[in-house]
Amino acid sequence: MRRMSRRSFSVVAAATLAGLASAGDAGAAPDRRRKKERELRGMWLATVVNRDWPSKPGLTAQQQRSELMAFLDSAVNRRLNAVVFQVRPTADALWPSRYEPWSEYLTGVQGKDPGWDPLGTAVKEAHRRGLELHAWFNPFRIANHTDPSRLIATHPARVHPEWVVPYGGKLYYNPGLPEVRRFVQDAMLDAVRRYPLDAVHWDDYFYPYPVAGQTFDDDEAFARHGGGFPDRASWRRDNIDRLVREMSGRIKKTRGRTQFGISPFAVWRNIATDPTGSDTRAGVQTYDDLYADTRGWVKKGWLDYIVPQVYWNIGFPAADYAKLVPWWNDVVRGTGVRLYIGEALYKAGDPAQPAAWQDPAELSRHLTYAEGYREVRGHIYFSAKEVGVDKNGAMARVVADHYQEPAKPPR
């Protein structure tokens, strides 16, 4: 997940919410009961750098299991119905993978068996509690450093150093290599074959976010595979398109009921760049900077759901929640792809965030606003730690205002 800090400003919420009566392609009232009966209520459970779980590396298997169960129970207590569990944070695994080493975030040592199966346990225990379990994978990130010697000797990135590109202080697999795209799919599908996952879930990292003054060195791959493309950007987008399209088909062949969802940065393109883009002035555009045609994937029907990370408050000038939700509503209309909204719970009550996020009612207003849009079928909160801790009561307010009754996820 990508956290974005923004400058402070005041929100005139009443004026914004007054637009509800005419919002979207349908009024709020006729849709509200349907959404309460069938809507996704999820939370991301992050494991990279021990963000949410485990609380630190090196805990005993029993301690890790107890912490994981507490997160699942927290989801139930908040009347959520899905957990998006990060199981491949850095080209590693939180299950006994045939392809990649055990994650260092479990034991502190990459490749060391933790003595239990976190993903297998999570699937079983989530289902026992009536929760969906969406397995969250990061396709290309190898490490949060640039030293391959810190990876275990058998790591695929050391066996195939030609697959690896250092960039921005991290190591990545090169998306421009067909053998890389095949390998990362195989590694993720290993989990799909082993477990009855409710979904395969990808986050917002494809080609890495731009780093000023640095170049992602894929010259050799472009020379070998870029023929026939007008420019490198078009070739890079095609590489990611191929990854998404191929993975979509392979998931359905492997386990037909497992969904495929992606949670991108919420701005595909700004309207100043493309007249079909959103009325935003974001510094990052997924189409141009991450080479991820998120709008195109929806239009082509390659996904079961999409979760744009609309991590800004209502009224934020550069990327207004109240402008991005209707834009995505229009994108998914008629495609059969379900739209869930990614919510920045981690910003609520954080003194470093703009004034709007100090108001415990900001997130609840998001849900009230989104109810005016027919295609919005639920929300996912970043992330699990804040679902439980709830610094300023924003999550409790969401539950009180919107989750009084249980709901089943859409299917």
Side-chain angles (χ1 to χ4, degrees), residues 11 13-14 16-21 23-24 26-45 71-84 129-132 134 263 266 305-315 320-322 324-326 328-329 332 338-349 356-411:
V11 177
T16 305
L17 294 175
L20 276 171
D31 285 327
R32 194 164 293 177
R33 191 178 71 170
R34 172 181 62 80
K35 290 185 178 181
K36 294 306 179 186
E37 293 171 351
R38 283 279 183 181
E39 67 173 352
L40 194 83
R41 303 172 181 177
M43 70 180 189
W44 280 288
L45 178 55
F71 277 117
L72 299 181
D73 291 340
S74 175
V76 172
N77 291 338
R78 297 294 193 185
R79 298 193 185 92
L80 305 184
N81 55 29
V83 174
V84 184
R129 289 165 171 78
L131 300 166
E132 286 194 347
H134 297 213
S263 174
Y305 69 77
I306 193 161
V307 195
Q309 296 174 28
V310 190
Y311 282 2
W312 305 282
N313 51 274
I314 293 172
D320 187 348
Y321 186 96
L324 280 161
V325 167
W328 279 104
N329 183 83
V332 304
R338 288 186 294 278
L339 173 63
Y340 309 135
I341 304 299
E343 301 285 352
L345 176 61
Y346 73 93
K347 289 185 175 182
W357 292 103
Q358 312 312 315
D359 183 352
E362 174 67 24
L363 272 185
S364 181
R365 281 195 289 267
H366 289 193
L367 272 68
T368 299
Y369 181 83
E371 283 174 351
Y373 292 87
R374 181 185 298 275
E375 303 296 341
V376 178
R377 304 297 304 278
H379 302 259
I380 305 181
Y381 303 92
F382 190 82
S383 66
K385 185 183 297 183
E386 284 77 12
V387 168
V389 173
D390 198 17
K391 288 191 291 285
N392 72 343
M395 192 69 211
R397 180 69 175 265
V398 165
V399 174
D401 291 350
H402 301 278
Y403 294 167
Q404 281 297 300
E405 299 297 327
K408 294 181 179 180
R411 272 284 176 176

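Remember, it's a predicted structure, so these values are computed and weren't measured experimentally.
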So which atom in [X] and which in [Y] form the shortest heavy-atom distance, rounded to 0.1 Å?
X: Ala82; Y: Leu131; answer: N-CD2, 4.0 Å
X: Tyr321; Y: Ala370; answer: OH-CB, 4.2 Å
X: Met395; Y: Leu80; answer: CE-CD2, 4.0 Å
X: Pro360; Y: Gly393; answer: CB-C, 4.4 Å

State, yes or no, whether a side-chain contact exists between [X] and [Y] at a heavy-atom distance under 4.5 Å.
X: Glu371; Y: Val376; answer: no
X: Val325; Y: Tyr369; answer: yes
X: Ile341; Y: Tyr373; answer: no
X: Arg79; Y: Arg41; answer: yes

**Request:** Output all residues satisfying side-chain contact (heavy atoms from CB on, under 4.5 Å) with Pro410, sequence neighbours left out; order by chain, then residue number.
**Result:**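 If we apply the side-chain contact (heavy atoms from CB on, under 4.5 Å) test to Pro410, skipping adjacent residues, the hits are Leu40, Arg338, Tyr340, Arg377.
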**Item:** Test side-chain contact (heavy atoms from CB on, under 4.5 Å) applied to Ser74 - qualifying residues, sequence neighbours left out
**Value:**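 If we apply the side-chain contact (heavy atoms from CB on, under 4.5 Å) test to Ser74, skipping adjacent residues, the hits are Val387.
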**Request:** Could you tell me the separation between the OH atom of Tyr403 and the CG atom of Leu367, rounded to the nearest 0.5 Å?
**Result:**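 One gets 5.0 Å once the value is rounded to the nearest 0.5 Å.
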**Asked** NE2/His366 to OH/Tyr381 distance, rounded to the nearest 0.5 angstrom?
**Response**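 Between atom NE2 of His366 and atom OH of Tyr381 there are 10.5 Å.
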**Request:** Please report the C-alpha distance between Val83 and Met43 in whole Å, then the side-chain angles of each, then the deciding distance to 0.1 Å, and finally whether the side-chain contact (heavy atoms from CB on, under 4.5 Å) criterion is met.
**Result:** CA-CA 5 Å; Val83 174; Met43 70 180 189; 4.1 Å; yes
Using the side-chain hydrogen bond (donor to acceptor under 3.5 Å, both in side chains) criterion, which residues pair with [X]? Sequence neighbours excluded.
X: Tyr305; value: His134, His201
X: Ser364; value: Asp401, His402
X: Trp328; value: none
X: Asn77; value: none

**Request:** Look only at the side chain of Glu362 and the backbone of Ile314, and say whether a donor-acceptor pair between them is shorter than 3.5 Å.
**Result:**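 Flag set: sc Glu362 to bb Ile314 pair under 3.5 Å.
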**Request:** Using modelled atom types only, decide if a donor and an acceptor are shared between the side chain of Arg397 and the backbone of Leu363 within a distance under 3.5 Å.
**Result:**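 Pair absent, no side-chain N/O of Arg397 close to backbone of Leu363.
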**Request:** Please list, chain by chain and in numerical order, all residues satisfying ring-ring contact (aromatic ring centres under 6.0 Å, His included) with His379, sequence neighbours excluded.
**Result:**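 His379 satisfies ring-ring contact (aromatic ring centres under 6.0 Å, His included) with no residue once adjacent residues are dropped.
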**Prompt:** Could you go step by step and tell me if Lys385 and Tyr346 meet the side-chain contact (heavy atoms from CB on, under 4.5 Å) rule?
**Reply:** CA-CA 9 Å; Lys385 185 183 297 183; Tyr346 73 93; over 6 Å; no
**Item:** Member of Asn313, Leu345, Asn392 meeting the side chain to side chain contact (heavy atoms under 4.5 Å, CB included) criterion with Trp357
**Value:**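 The single option meeting the side chain to side chain contact (heavy atoms under 4.5 Å, CB included) with Trp357 is Asn313.
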**Item:** Counterpart residues, salt bridge (charged side-chain N to carboxylate O under 4.0 Å, His left out), relative to Arg78 (two or more places apart)
**Value:**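 Scan of Arg78 (salt bridge (charged side-chain N to carboxylate O under 4.0 Å, His left out), adjacent residues dropped) gives Asp390.
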**Message:** Run the salt bridge (charged side-chain N to carboxylate O under 4.0 Å, His left out) test against Arg129 and tell me which residues pass, sequence neighbours left out.
**Reply:**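 Residues passing salt bridge (charged side-chain N to carboxylate O under 4.0 Å, His left out) with Arg129: Asp73, Glu125.
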